[in-house]
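All remarks here apply to the structure that follows.
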Amino acid sequence: MAPRDAVAAVRDEIAKVVVGQEGVVSGLVAALLVPGHVLLEGVPGVAKTLVARCLAAALDLQFTRVQFTPDLMPSDVTGQSIYDHATASFRFREGPVFTNIMLADELNRTPPKTQAALLEAMEESQVSVDGHARALPSPFLVLATQNPVEYEGTYPLPEAQLDRFLFKLTVPYPSETAEREVLARSDAGLDPHDLAKAGLRAVANGDVLAAARREVAAIRVDPVVQAYIVSLARATRESASVVLGVSTRGAVMLLKAAKAWAWLSGRGFVTPDDVQAVARPTIRHRLRLRPDAELEGATADGVIEGILATVPVPR
């Protein structure tokens with residue numbers, strides 16, 4: 001099976017369990033192709049954890065979930081050296097970060113020190129403990145969640161960490177039709193905790209994903225389209241509503257995300273439409289708005305909409 005067909009099959013498998021979150025699933029698949037990490041924002045109970053588990057199962061990848069709490073220590077994530085009485089020496093015990101897909105549930109509930117433990121893993125796919133760098137499995141993807149309505153006892157993610165995420169995907173309530181389908185499936189006996197019984201099976205693996213990544217990397221981006229991406233990034237920095245605009249890393253991420261979107265669309269080159277399609281999830285978490293602009297009702301997505309409407313589009 002061709003890599004693109006295998007990726008399409010992954011989406012079909014996830015749809016056997018998850019209803020009405022097609023945009024989120026497409027975003028997660030694109031993130032795996034770049035590769036890049038994803039911040040999922042949505043209220044409890046909209047299938048954030050379920051979609052992550054389904055993605056890992058459909059790709060035959062290892063999955064771990066860590067509930068981030070105020071008392072979670074960095075070593076609880078990365079692992080630690082422990083003394084082995086049998087050998088009278090220290091050995092390293094791997095933490096849950098040594099996986100393919102790690103769900104960092106409610107990442108903003110843990111203190112900055114523990115949040116920072118993920119920075120090296122997200123940027124370099126390794127962790128350093130006791131002076132030794134240890135490589136993480138490949139592929140490696142962090143899916144972090146945060147609740148948009150409950151801020152008591154949380155630690156807002158710093159800009160340096162937010163900039164490591166390729167996408168910030170909002171997970172909405174399902175439509176009425178989709179919600180009825182969820183209830184109908186539940187009434188018919190669907191158990192979301194037993195994915196195998198639900199009929200979900202692995203239709204791809206790490207080798208297929210690696211082949212797909214090579215094809216995505218080979219997608220062409222015309223210099224005119226590259227210049228368009230730079231213009232969008234620079235426009236965020238010049239916006240009157242913005243204190244902090246898109247970094248150069250963010251512009252590179254936008255380029256890579258557009259290549260993944262073009263590949264998913266069956267093309268060997270990136271168009272301005274591909275850039276616009278991924279601009280909102282790639283940029284929204286990289287903007288810090290001015291407090292007075294927020295008081296006047298400005299939002300990151302609103303600023304992005306205005307920039308997309310005013311920056312000339314190459315033809």
Side-chain angles (χ1 to χ4, degrees), residues 1-38 40 47-65 98-103 122 125 135-143 165-167 169 171 178 181 185 190 192-221 253-271 273-275 277-278 281-282:
M1 185 184 296
R4 188 178 289 107
D5 294 334
V7 169
V10 167
R11 292 200 233 185
D12 293 339
E13 286 300 306
I14 295 174
K16 291 180 179 180
V17 181
V18 179
V19 181
Q21 298 292 0
E22 291 84 1
V24 175
V25 172
S26 295
L28 293 178
V29 170
L32 272 171
L33 294 171
V34 167
H37 310 288
V38 178
L40 297 169
K48 297 188 296 295
T49 301
L50 180 60
V51 73
R53 291 179 56 233
C54 290
L55 178 67
L59 282 163
D60 194 23
L61 298 177
Q62 185 180 3
F63 172 81
T64 59
R65 175 183 177 274
F98 284 84
T99 187
N100 296 126
I101 297 181
M102 174 182 171
L103 180 66
M122 294 172 67
S125 293
L136 298 176
S138 180
F140 173 68
L141 176 71
V142 172
L143 304 180
F165 287 100
L166 171 68
F167 291 146
L169 301 177
V171 186
E181 176 65 19
R185 292 187 182 188
L190 175 66
H193 302 291
D194 190 344
L195 299 182
K197 186 177 179 180
L200 192 151
R201 60 190 179 88
V203 293
N205 55 30
D207 292 337
V208 171
L209 183 59
R213 287 179 173 182
R214 288 192 293 269
E215 292 186 4
V216 170
I219 296 290
R220 293 182 293 107
V221 186
M253 290 290 195
L254 182 55
L255 172 77
K256 292 183 176 181
K259 291 174 71 168
W261 202 257
W263 184 85
L264 289 169
S265 301
R267 276 180 280 99
F269 58 92
V270 172
T271 68
D273 288 341
D274 296 320
V275 177
V278 296
T282 309

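Along the sequence shown, the residues carry numbers beginning at 1. For clarity, every value in this text was computed on a predicted model and none was experimentally measured.
Listed here is the closest heavy atom pair of Val10 and Ala204: CG2-CB, 4.1 Å. Contact between Leu190 and Val17 at its shortest, heavy atoms only, is CD2-O, 4.3 Å. Scanning all heavy atoms of the two residues, the minimum distance from Val142 to Met122 falls at CG2-CG, 3.9 Å. Summarising the geometry of Ala217 relative to Lys259, their closest heavy-atom pair is O-NZ, 3.0 Å, with the distance given to 0.1 Å. Residues Leu200 and Ala57 come closest through the heavy atom pair CD2-CB, 3.4 Å. Taking every heavy atom of both residues into account, Arg4 and Gly266 meet most closely at NE-CA, 3.8 Å.
Using a 4.5 Å heavy-atom cutoff, the side chains of Val25 and Val51 are in contact. For the pair Leu33/Leu209, a side-chain contact is recorded, criterion being any heavy-atom separation below 4.5 Å from C-beta on. Between Phe140 and Pro35, every side-chain heavy-atom pair lies at or beyond the 4.5 Å cut-off. Side-chain contact check for Val38 versus Leu166: every heavy-atom pair is 4.5 Å or farther apart. Between Val7 and Val208 there is no side-chain heavy-atom pair separated by less than 4.5 Å. Between Arg220 and Val270, the closest side-chain pair of non-hydrogen atoms is not below 4.5 Å. At a threshold of 4.5 Å between non-hydrogen side-chain atoms, the residues Pro3 and Arg214 do not count as touching.
Interatomic distance, Cys54 SG to Leu59 CG, rounded to the nearest 0.5 Å: 11.5 Å. The line from CD of Glu22 to CZ of Arg11 is 10.0 Å long, rounded to the nearest 0.5 Å. Considering CD1 of Ile219 and CG of Leu255, their distance stands at 11.5 Å, rounded to 0.5 Å. Taking CZ from Phe167 and CG from Leu28, the interatomic distance works out to 9.0 Å, rounded to the nearest 0.5 Å. With values rounded to the nearest 0.5 angstrom, Leu55 atom CG is found 11.0 Å from Leu103 atom CG. Rounded to the nearest 0.5 angstrom, Thr282 OG1 and Lys256 NZ are separated by 12.5 Å.
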Exercise for the section: Report the C-alpha separation of Leu254 and Val278 in whole Å, then their side-chain angles, then the decisive distance to 0.1 Å, and conclude whether the side-chain contact (heavy atoms from CB on, under 4.5 Å) test is met. Expected result: CA-CA 7 Å; Leu254 182 55; Val278 296; 3.8 Å; yes

Handout entry: Worked check of side-chain contact (heavy atoms from CB on, under 4.5 Å) between His37 and Leu143
Key = CA-CA 6 Å; His37 310 288; Leu143 304 180; over 6 Å; no

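Within the 3.5 Å criterion, the main-chain N or O of Leu136 finds no donor-acceptor partner in the side chain of Ser125. Listed for the Arg201 side chain is no donor-acceptor partner under 3.5 Å among the backbone atoms of Glu13. Checked by atom type and distance alone, the side chain of Arg53 never pairs as donor or acceptor with a backbone atom of Arg65 at under 3.5 Å.
For Arg267, the CZ atom is densely surrounded, since the number of other residues' heavy atoms within 6.0 Å is greater than 12.
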